[in-house]
2 protein chains.
Amino acid sequence: MVTLAEVARHAGVSASTVSYVLSGKRTISMRTRERVEKSIRELGYHPNAGARALASSKSNIIALMMPLRIDTYVPVMVEIAIAVATTARERGLDVLLLTGQEGPEAMRRVVGSGLADAMILMDVELEDARLPLVREAARPAALIGLPADPSGLTCVDLDFAATGRLCAEHLAGLGHRDIAVVGEAAAVYERRTGFAERTLQGVRERAAELGVRVLHRPCDGSYESTAGTLARIFDERPATTAMIVQNEAAIGPLLSLLRQQGRAVPEDISVVAVCPEPVATQQSVALTSVAIPAHEMGRRAVELVMDGAGAVSELLPPRLTVRASTGPAPTPTGAP
Amino acid sequence: MVTLAEVARHAGVSASTVSYVLSGKRTISMRTRERVEKSIRELGYHPNAGARALASSKSNIIALMMPLRIDTYVPVMVEIAIAVATTARERGLDVLLLTGQEGPEAMRRVVGSGLADAMILMDVELEDARLPLVREAARPAALIGLPADPSGLTCVDLDFAATGRLCAEHLAGLGHRDIAVVGEAAAVYERRTGFAERTLQGVRERAAELGVRVLHRPCDGSYESTAGTLARIFDERPATTAMIVQNEAAIGPLLSLLRQQGRAVPEDISVVAVCPEPVATQQSVALTSVAIPAHEMGRRAVELVMDGAGAVSELLPPRLTVRASTGPAPTPTGAP
DNA sequence: ATGAAAGCGCTAACAC
DNA sequence: GTGTTAGCGCTTTCAT
């Protein structure tokens, strides 16, 4: 293994000079810098991570905790994780992957041992078991998701309440007066993951202001469950002319079922989805949707946690893209 | 920060004793061990990862490289990643996440710096750009996926050739004489990811032996693409009575389209899928399928790479589960 | 602009 | 069964 000392000898300089060439923490003459860089290349030198961490008390590693429960929509989580990893690498950081199995103590272990300099927690619930540990932790942390009480914490999330309002507004503007929300699985609400509740609340709030009726029914995303949810909706509210789906898994089955039932999208039923862009565009009908800005969420989490932004909750504004799945409410039966 | 020296002082023993209590590398009297453990608990001591890595030349970190291209099926990758992380933790290892962005050099960096003791590479192509680096690397590595030339490498994968044979055999046994393979996206074949080719080859091989005709058409999994693929298949081979799908994304659209076209599953068309169990069971018709043993693949990769198994290629045997989507071939038109 | 040298916290001989 | 001690490879004062 090539060490810094060997590089120094090879270049005919002292160890500290090599170190400073690497860190850029003091000015080095062109001549020396080039000699050192040449030696580094020729010897194939890689600074030892452990030694560096020990001497500097910084591991340059950021821990990413991704619980990944059964009912979470994996692709979004992964997109966030990739954004975290990419942004981290741009700043010379590596990412340590923690899954849910080990429980909250994983945080203590990783941070206590100095393995990671900072933490990013994904899939944060309204009352998350990890929050007490985050609050008392000496190391910076960022949450992806907004807990019930974000005081003293650094959070990033899509503004789901605004998302709900935006969907309601779009549909109301098209003349819809009865809209249904095909929600997440019941377990998601029980677990009190914030985003589902917040979206629903936003929809209800704006719908109420605009005089639109809202019916919400959970859906676990399987074909059967979606069929059941749909049946309930049309049974309880036959006048329903628009739907908001915020369960990505249910989108395929939903469109399939509507087609089967002879309900045309958007002529008979308008559909707005809350989902990643690719999901919206790859369906049989391109969906009007509010994108989940997974990439930006991951990127901002790294930036906030590494730039010592202090306790900030950053809610990203939703953007609704109109595509082919929403249109004017159908005129009631009998009209021209 | 609590150090080992402080623990030693608090317990009234030497530093090495504390170290040996932690590592179990030499026998310690009950009495001393308990005193030390008590001190560790009382002081809330966590061994410093950097110091440990430096002194022992072992980081206890295993790097997981997950390229995640656009056309890979994310959930399977994630399931493998979770299995890797879980198995690693059981052995006291942590997992460093590397994505594709950084390219093969990421391996050099991570291994050269001693950041990771070993590597696991996912989504390995037949002629993978990372292989030369793996071969010359000083550290152990395991591949998930089977390259064209696995000599000198440690690999784990589902036996896709056997998978293809198994599917062909099952359908032939039910009397089908014309089967179609709804394959992966053309890009997957171009990239020469082994599994797609191997499955197809297995299907063809066994089908030939059993006198069954095979038609293969790629499919990128979108609704539109699946419709196109399906149209081509029935156009070119109207007598098709069975299909093998190995593109998870295409499963939903495929079933939806068949239903729409009035083709009943399994009465008119039998369908076998190569996909994770949950995907097979959550469709409108429970699918006969060969499961992708993601968990076992991840687990074995860690075991092989950490137990110094040497260069071994482990192909996991496929298991086909019969569900509701396959049945006897329909009797030709006009028969009783 | 560069060197010398004192640690960082731990492991693993080597002693007894 | 336990203690002593010399590094591991790097960062960072303190000097010059």
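Chain A is the first sequence line, chain B the second, and so forth, proteins listed ahead of strands; every chain is numbered from 1.
B:S57 comes within 4.0 angstrom of nothing in the nucleic acid, heavy atoms only. In this structure, B:G114 reaches neither bases nor backbone, as no heavy-atom distance under 4.0 Å exists between it and the strands shown.
At distances below 3.5 Å, not a single donor-acceptor pair connects side-chain atoms of A:D307 with backbone N or O atoms of A:A309.
Ion pairing between a basic and an acidic side chain is recognised when a charged N comes within 4.0 Å of a carboxylate O; B:R9 and B:E6 show no such pairing. With respect to the salt-bridge test (charged N to carboxylate O, under 4.0 angstrom), the residues A:E105 and A:R109 do not qualify. Using a cutoff of 4.0 Å between basic side-chain nitrogens and carboxylate oxygens, B:R108 and B:E136 are scored as salt-bridged.
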Subject >> Pair A:E42-A:K38, salt bridge (charged side-chain N to carboxylate O under 4.0 Å, His left out): steps then yes or no >> reply: CA-CA 6 Å; A:E42 286 183 15; A:K38 184 152 164 289; 3.1 Å; yes

Check the interface with nucleotides 9-13 of chain D: list each N/O to N/O pair with the protein under 3.5 Å, or write none.
from: D:dC10; atom 1: OP1; to: A:Y45; atom 2: OH; distance (Å): 2.4
from: D:dC10; atom 1: OP1; to: A:N48; atom 2: N; distance (Å): 3.2
from: D:dC10; atom 1: OP2; to: A:L4; atom 2: N; distance (Å): 2.3
from: D:dT11; atom 1: OP1; to: A:R52; atom 2: NE; distance (Å): 2.8
from: D:dT11; atom 1: OP2; to: A:S19; atom 2: OG; distance (Å): 2.9
from: D:dT12; atom 1: OP2; to: A:K25; atom 2: NZ; distance (Å): 3.1

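Rounded to an integer number of Å, the gap from A:E6 CD to D:dC8 P is 11 Å. Between the P atom of D:dT2 and the CZ atom of B:R9 lies a distance of 20 Å, rounded to the nearest Å. Rounded to a whole Å, the CZ atom of B:R33 is 10 Å from the P atom of D:dT2.
Regarding contacts with the backbone of C:dT2, a side-chain N or O of A:S29 is found under 4.0 angstrom from either OP1 or OP2. Between A:T27 and the phosphate of C:dA1, there is a side-chain N or O to OP1/OP2 separation shorter than 4.0 Å.
Here B:K58 pairs with nothing under the salt bridge (Lys or Arg N to Asp or Glu O under 4.0 Å) rule; sequence neighbours left out.
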